[in-house]
Novice: 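My questions will all concern the structure given below.
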Amino acid sequence: MNVALRMLALALSIFVLAPGAVTAQQPLKIGLILPMTGPFASTGRQIDATVKLYIEQHGATVAGRKIEVLLRDDTGVAPDTTKRFAQELITNDKVEILAGFGLTPLAFAAAPIATEAKTPMIVMAAATSAIVTKSPYILRTSFTLPQATLGIAEWSAKNGIKKAFTLVTDYAPGLDAEATFKRVFAAGGGSIIGEVMVPLRNPDYAPFIQRVKDSKPDALFVFVPSGEGSAVMKQFAERGLAQAGVKLIGTGDVTDDDILDSMGPPALGTITSFHYSAAHPSPENKAFVAAFAKANNGQRPNFMGVGGYDGMHLIYETLKKTNGATDGDKFLAAAKGMQWVSPRGPVKIEPDTRDITQTIYLRKVETVDGKLYNVEFAEMPAVKDPPPAN
Ligand code: DHB
């Protein structure tokens, strides 16, 4: 071949290769929708921090694609805002993956947009069981309330609690938690002597806690969303429920690592079941907690943070399998069945439900090195979201 022909061949090969190569080099935009302001800003702050941490630790390029995160603040419980952001991110900003979703109503609002655009939607926080059924493109890396509630319901029935009162926030995750607690606690021989639901917006726990005290249960089971635990604990202490013989139990949302230490002595002894504790004694978690603290002024990650970190892990590992492709059907097929060791312990994305299976731990609030932590004392491995009871 003479030089001219060789050059022509080279030029042609570049021409032929170019389109694919260009696609592979295009940045991959992830639309991250989180409450960064308002009453649930701690959820947004935690997830934003762990998404950044994951990228910093694993590099901003995966499968030849540079990851760009477009963060949108949906400000609290404003489903229309979440839905509009999801739509605009896909249509105008050309994001290929949606992620975040701090509360159930927000995940519900975005689900139809993901379905219509066939865009993978990674739910990193919201935890109502039914969320995964709202779009075939949803994958969840947080947890579900029924999954988290089973442990404490069984433990209470077996550990001398005969009469329980339930207090939950009045929206879907609260209903999930209450229904599971009642079913499992009753099956173990316990009786529910009262139940209250507290509004999601501007809750005042005082009158509800007083009603609990007046009815003298052995225990109060609580579910409130992340960030609300301090207000519950304050009322529980001020109204003297512990002195009146009422034990505080719940899912770990109430003893959230983000605010637990600031609750002080009233939180000591609270027993919860949950999927994540900053005190989980694994090497993976010790490294995660240390890296989070280093990047965030010594703060602790909480369960929202670990949901964000694992959401990024799922995105990165799936992209490696698809060679950077994000087409909804291909991405979902590659993500289904994925398993890894998270800072929380072993996790799996169930191929049939796209929901997360994980270890649920029983924990007690204790002082460790002068700070309050949820110290794990028992574990239930590989807990799936339980099927709804009829
Ligand atoms: C949800 C929000 C929370 O902050 C939490 O702790 C659990 C569930 C939710 O809205 O799904």
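Index from 1, following the sequence. Order of listing sets the numbers, starting from 1, for every ligand and every atom in it. Predicted model, so just to flag it, every value in this text is computed and none were measured.
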Novice: Is Leu145 in polar range of ligand 1, meaning some N or O pair under 3.5 Å apart?
Specialist: no
Novice: In terms of the angle between their ring planes, are His58 and Tyr316 parallel, tilted or perpendicular, with boundaries placed at 30° and 60°?
Specialist: perpendicular
Novice: Tell me whether Arg344 forms a cation-pi arrangement with Phe143, defined as NZ or CZ under 6.0 Å from the six-membered ring centre and within 45 degrees of its axis.
Specialist: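 Here Arg344 fails the 6.0 Å and 45° test against Phe143.
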Novice: Side chain, backbone, both or neither: which part of Phe223 has a heavy atom under 4.0 Å from ligand 1?
Specialist: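 The answer is the side chain of Phe223.
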Novice: Surrounding NZ of Lys321 (heavy atoms of other residues, nucleotides or ligands, distance under 6.0 Å), is the total greater than 12?
Specialist: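 Count over threshold, so yes.
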Novice: Is there a donor-acceptor pair under 3.5 Å between the side chain of Asp218 and the backbone N or O of Lys162?
Specialist: yes
Novice: Quick one: look up the protein heavy atom nearest atom 4 (O) of ligand 1 and list residue, atom name and how far away it is.
Specialist: Ser226 N, 2.8 Å
Novice: Taking the side chain from Glu178 and the backbone from Val196, do they hold a donor-acceptor pair closer than 3.5 Å?
Specialist: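 No; judged by distance alone, with no hydrogens or angles, the pair does not exist.
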Novice: Heavy-atom contacts with Phe303 under 4.0 Å: which atoms of ligand 1 show up? List them by number with element.
Specialist: 6 (O)
Novice: Can you list the ligand 1 atoms lying under 4.0 Å from a non-hydrogen atom of Pro173?
Specialist: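 The list of qualifying atoms is 9 (C), 10 (O), 11 (O).
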Novice: Using a strict 4.0 Å cut-off to heavy atoms of Gly102, name the atoms of ligand 1 that fall inside it.
Specialist: 2 (C)
Novice: So which bit of Phe40 gets within less than 4.0 Å of ligand 1, heavy atoms only: side chain, backbone, both or neither?
Specialist: neither
Novice: Identify the protein heavy atom lying closest to atom 2 (C) of ligand 1, giving its residue, its atom name and the separation to 0.1 Å.
Specialist: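 For this ligand atom, the closest protein heavy atom is Tyr171 OH, 3.4 Å.
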Novice: Met304: heavy atom below 4.0 Å from ligand 1, yes or no?
Specialist: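 Heavy atoms of Met304 do come under 4.0 Å of ligand 1.
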Novice: Ignoring hydrogens, just give me the one of Ala172, Gly229, Gly227, Ala127 whose non-hydrogen atom is nearest atom 8 (C) of ligand 1.
Specialist: Ala127
Novice: Under 4.0 Å from a heavy atom of Thr104: give me the atoms of ligand 1 that qualify, with their elements.
Specialist: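 By the 4.0 Å cutoff, the relevant atoms are 9 (C), 10 (O), 11 (O).
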Novice: What about Thr43: any of its N or O atoms under 3.5 Å from an N or O on ligand 1?
Specialist: no
Novice: Does the gap between the ring centers of Phe185 and Phe221 come in under 6.0 Å?
Specialist: no
Novice: Do any N or O atoms from the side chain of Asp204 and from the backbone of Ala206 form a donor-acceptor pair under 3.5 angstrom?
Specialist: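 Side chain of Asp204 to backbone of Ala206: a pair is present.
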Novice: Would you mind running through ligand 1 and noting each atom that sits below 4.0 Å from a heavy atom of Asp253?
Specialist: 5 (C), 6 (O), 7 (C)
Novice: Taking everything shown except Lys330 itself, do over 12 heavy atoms lie less than 6.0 Å from its NZ?
Specialist: no
Novice: Can you tell me if Thr180 and Thr149 form a side-chain donor-acceptor pair at under 3.5 Å?
Specialist: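 Judged by distance alone, the side chains do not pair up.
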